[in-house]
K.L.:
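Structure below; questions to follow.
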Amino acid sequence: MHITLEIWRQADASSEGEMRTYQVDDVSPDMSFLEMLDVLNEQLNAAGEEPVAFDSDCREGICGMCGLMINGEPHGPEVTTTCQLHMRSFQDGDTITIEPWRAGAFPVMKDLCVDRGAFDRIIQQGGYISVNTGSAPEAHSVPVPRDDAMRAFNVATCIGCGACVAACPNGSASLFMGAKITHLGELPQGQPERDSRVVNMVAQHDHEGFGGCTNIGECTAACPKEIPLDVISQLNKDLRTAMRHGH
């Protein structure tokens, strides 16, 4: 395959960025998208040019580091992470536009790398539970209804990649935050801090400059883990309850 790439290049957070065009030949349809970028960077290194900076870690669809806007879609045309996207999703001769996440709360650090520290700070404001230290309790010592356990497990699959924010016209992180709130809120261990958790996390979300949710649904459509939209309803319900309780 012969691919033309239009890639956002930006030297650092304080520099102006621009789109640049590159050609990559002999691309195998079986390559992952990141492997194709590796080939491009090998070409650039051989030519004495600065390689394109992009984030990746596990390359197994687990860590969420590989977030890219590909032809205007978070992670590209498939419902998966960028590292699990393969070049067979494109055609020989295609032109592919690659950009970093576009959101005020995710400032560009270099090229395709953005600072997603805002997510970490939201988690720090409420993503914990009260536990007793010591040996692990027996698994069946705290009964949890099966439906609650499955719902908690399913929404806990959120990997914090930021695709929901990149897809949202408002730049809202409500799907990410709703997944974390719902995950802990469904379990008995998450009840002691349930009210304070949601209030603190929402306050940090707003402080970081994320937008408000208007239930457009682009977030869940872009989510590689298919987190359902109803976690935002759970988030709002928990917030209203906490406010009634005086938090």
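When a residue number appears, it is its place in the shown sequence, counting from 1.
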K.L.:
Tell me whether D230 is salt-bridged to R151, with the criterion being a basic N under 4.0 Å from an acidic carboxylate O.
P.N.:
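Looking at R151 together with D230, the answer is yes, because their closest N to O distance falls below 4.0 Å.
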K.L.:
For T241, give me all partners under side chain to side chain donor-acceptor pair (under 3.5 Å), at least two apart in sequence or on another chain.
P.N.:
R244
K.L.:
Is a donor on one side and an acceptor on the other found under 3.5 Å between the side chain of N170 and the backbone of G212?
P.N.:
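Answer holds: yes.
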K.L.:
Holding to ring-ring contact (aromatic ring centres under 6.0 Å, His included), I want the full list of residues that pass it with F54, two or more places apart in sequence or in another chain.
P.N.:
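ring-ring contact (aromatic ring centres under 6.0 Å, His included) check on F54 returns nothing, list empty.
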K.L.:
Assigning hydrophobic clusters by single linkage (Ile, Leu, Val, Met, Phe, Trp, Tyr; side-chain heavy-atom cutoff under 4.5 Å), is M109 placed with F119?
P.N.:
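M109 does not cluster with F119.
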K.L.:
Could you check if a side-chain atom of F210 sits within less than 4.5 angstrom of a side-chain atom of V202, using non-hydrogen atoms only?
P.N.:
no
K.L.:
Let me confirm one number: the CD1-NZ distance from I181 to K237, rounded to the nearest 0.5 Å.
P.N.:
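These two atoms lie 14.0 Å from each other.
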K.L.:
Would you list the atom pairs, donor with acceptor, under 3.5 Å between side chains in residues 152-160 and any protein atom, with sequence neighbours excluded?
P.N.:
{"residue": "N154", "atom": "ND2", "partner": "M150", "partner atom": "O", "Å": "3.1"}
{"residue": "T157", "atom": "OG1", "partner": "N154", "partner atom": "O", "Å": "2.6"}

K.L.:
Hey, could you give me the OG/NE2 distance between S196 and H245, rounded to the nearest 0.5 Å?
P.N.:
12.5 Å
K.L.:
Going by the rule side chain to side chain contact (heavy atoms under 4.5 Å, CB included), which residues pair with V39 if we only count those two or more places apart in sequence or in a different chain?
P.N.:
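Counting only residues at least two positions away or on another chain, V39 forms a side chain to side chain contact (heavy atoms under 4.5 Å, CB included) with V24, M31, Q43.
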K.L.:
State, with a plain yes or no, whether a side-chain heavy atom of S174 is found less than 4.5 Å away from one of N236.
P.N.:
no
K.L.:
Taking side chain as C-beta onward, heavy atoms only, is M65 less than 4.5 Å from R116?
P.N.:
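With C-beta onward as the side chain, the pair touches.
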K.L.:
Mark yes or no for whether H75, through its side chain, and E73, through its backbone, hold a donor-acceptor pair below 3.5 Å.
P.N.:
no
K.L.:
Run the side chain to side chain contact (heavy atoms under 4.5 Å, CB included) test on M177 and L235 for me, step by step, so that the C-alpha distance in whole Å, both residues' side-chain angles and the decisive distance to 0.1 Å come before the verdict.
P.N.:
CA-CA 8 Å; M177 193 163 50; L235 164 67; 3.9 Å; yes
K.L.:
Any pair with a residue in residues 11-42 that passes ring-ring contact (aromatic ring centres under 6.0 Å, His included), sequence neighbours left out, goes on the list, sorted by first then second residue, please.
P.N.:
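Matches after skipping sequence neighbours: F33-F90.
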K.L.:
Could you walk me through whether I70 and T82 pass the side chain to side chain contact (heavy atoms under 4.5 Å, CB included) test, one step at a time?
P.N.:
CA-CA 9 Å; I70 302 170; T82 302; 4.0 Å; yes
K.L.:
Could you walk me through whether E193 and N200 pass the side chain to side chain contact (heavy atoms under 4.5 Å, CB included) test, one step at a time?
P.N.:
CA-CA 10 Å; E193 291 87 16; N200 292 339; over 6 Å; no
K.L.:
Please identify each residue that fulfils side chain to side chain donor-acceptor pair (under 3.5 Å) with Q191, with sequence neighbours left out.
P.N.:
R194
K.L.:
Does some side-chain heavy atom of W8 sit less than 4.5 Å from a side-chain heavy atom of D111?
P.N.:
no
K.L.:
If you measure only the distance, is there a donor-acceptor pair under 3.5 Å linking the side chains of T182 and Q234?
P.N.:
no
K.L.:
Got L34 and C66 here, is their nearest side-chain heavy-atom distance under 4.5 Å?
P.N.:
yes
K.L.:
Short question: side chain of D115, backbone of P107 - any donor-acceptor pair under 3.5 Å?
P.N.:
no
K.L.:
Show me the side-chain donor-acceptor pairs of residues 91-106 shorter than 3.5 Å, one per line, residues at least two apart or across chains.
P.N.:
{"residue": "D92", "atom": "OD1", "partner": "H2", "partner atom": "N", "Å": "2.6"}
{"residue": "D94", "atom": "OD2", "partner": "Q91", "partner atom": "N", "Å": "2.7"}
{"residue": "W101", "atom": "NE1", "partner": "C161", "partner atom": "O", "Å": "2.8"}

K.L.:
Run the side chain to side chain donor-acceptor pair (under 3.5 Å) test against T81 and tell me which residues pass, sequence neighbours left out.
P.N.:
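T81: no side chain to side chain donor-acceptor pair (under 3.5 Å) contacts found.
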K.L.:
List the atom pairs, with distances to 0.1 Å, where a side-chain N or O of residues 220-228 and a protein N or O form a donor-acceptor pair under 3.5 Å, not counting sequence neighbours.
P.N.:
{"residue": "T220", "atom": "OG1", "partner": "I227", "partner atom": "O", "Å": "2.5"}
{"residue": "K225", "atom": "NZ", "partner": "G61", "partner atom": "O", "Å": "2.8"}

K.L.:
For C219, enumerate each residue passing the side chain to side chain contact (heavy atoms under 4.5 Å, CB included) test, keeping only those at least two apart in sequence or located in another chain.
P.N.:
C164, L175, L229, I232
K.L.:
In chain order, what residues pass the side chain to side chain contact (heavy atoms under 4.5 Å, CB included) check against S14, with sequence neighbours excluded?
P.N.:
D12
K.L.:
Within a strict 4.5 Å, meaning less than it, do heavy atoms of the L37 and V52 side chains meet?
P.N.:
no
K.L.:
Working to the nearest 0.5 Å, report the span between CG of D238 and CE of M243.
P.N.:
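These two atoms lie 13.0 Å from each other.
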K.L.:
Between the side chains of R9 and E18, is the shortest nitrogen-to-carboxylate-oxygen separation below 4.0 Å, so that they form an ion pair?
P.N.:
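Judged by the 4.0 Å cut-off on N to carboxylate O distance, E18 and R9 do not form a salt bridge.
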K.L.:
Applying salt bridge (charged side-chain N to carboxylate O under 4.0 Å, His left out), which residue pairs with at least one partner in residues 37-50 are found, sequence neighbours left out?
P.N.:
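Checked against salt bridge (charged side-chain N to carboxylate O under 4.0 Å, His left out) - neighbours excluded - the pairs reaching residues 37-50 are D38-R59, E50-K110.
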K.L.:
Has M19 got more than 12 heavy atoms of other residues, nucleotides or ligands less than 6.0 Å from its CE?
P.N.:
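Atom CE in M19 is crowded, with more than 12 foreign heavy atoms closer than 6.0 Å.
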K.L.:
Rounded at 0.5 Å granularity, tell me how far CD in Q125 sits from CE in M201.
P.N.:
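So the CD of Q125 and the CE of M201 are separated by 9.0 Å.
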K.L.:
Side chains of P77 and S89: does their closest heavy-atom pair fall under 4.5 Å?
P.N.:
yes
K.L.:
How long is the straight-line distance from CG of D25 back to CG of L40, given to the nearest 0.5 Å?
P.N.:
11.0 Å
K.L.:
Report yes if the side chains of L184 and R197 come closer than 4.5 Å at any heavy-atom pair, otherwise no.
P.N.:
yes
K.L.:
Before giving the answer on side chain to side chain contact (heavy atoms under 4.5 Å, CB included), spell out for S172 and C213 the whole-Å C-alpha distance, their side-chain angles and the decisive distance to 0.1 Å.
P.N.:
CA-CA 6 Å; S172 174; C213 174; 4.0 Å; yes
K.L.:
Less than 3.5 Å apart, any donor N or O on the side chain of Q10 or S15 sitting next to an acceptor on the other?
P.N.:
no
K.L.:
In this structure, would L187 and I123 fall into the same cluster of hydrophobic residues linked by side-chain contacts under 4.5 Å?
P.N.:
no
K.L.:
Does V27 belong to the same Ile/Leu/Val/Met/Phe/Trp/Tyr cluster as L44, with side-chain heavy atoms less than 4.5 Å apart forming each link?
P.N.:
yes
K.L.:
To the nearest 0.5 Å, tell me how far D55 CG sits from C83 SG.
P.N.:
12.0 Å
K.L.:
Looking at every non-hydrogen atom in both residues, tell me the closest pair between E208 and A118 and how far apart they are.
P.N.:
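Heavy atoms of E208 and A118 come nearest at OE1-CB, 3.6 Å.
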K.L.:
For Q23, does its backbone N or O pair with a side-chain atom of T4 as donor and acceptor, under 3.5 Å?
P.N.:
no
K.L.:
Under 3.5 Å, side chain of D148 to main-chain N/O of V144, donor-acceptor pair present?
P.N.:
no
K.L.:
Look at the side-chain heavy atoms of Ile, Leu, Val, Met, Phe, Trp and Tyr, link any pair under 4.5 Å apart, and say whether V231 and V198 land in one connected group.
P.N.:
no
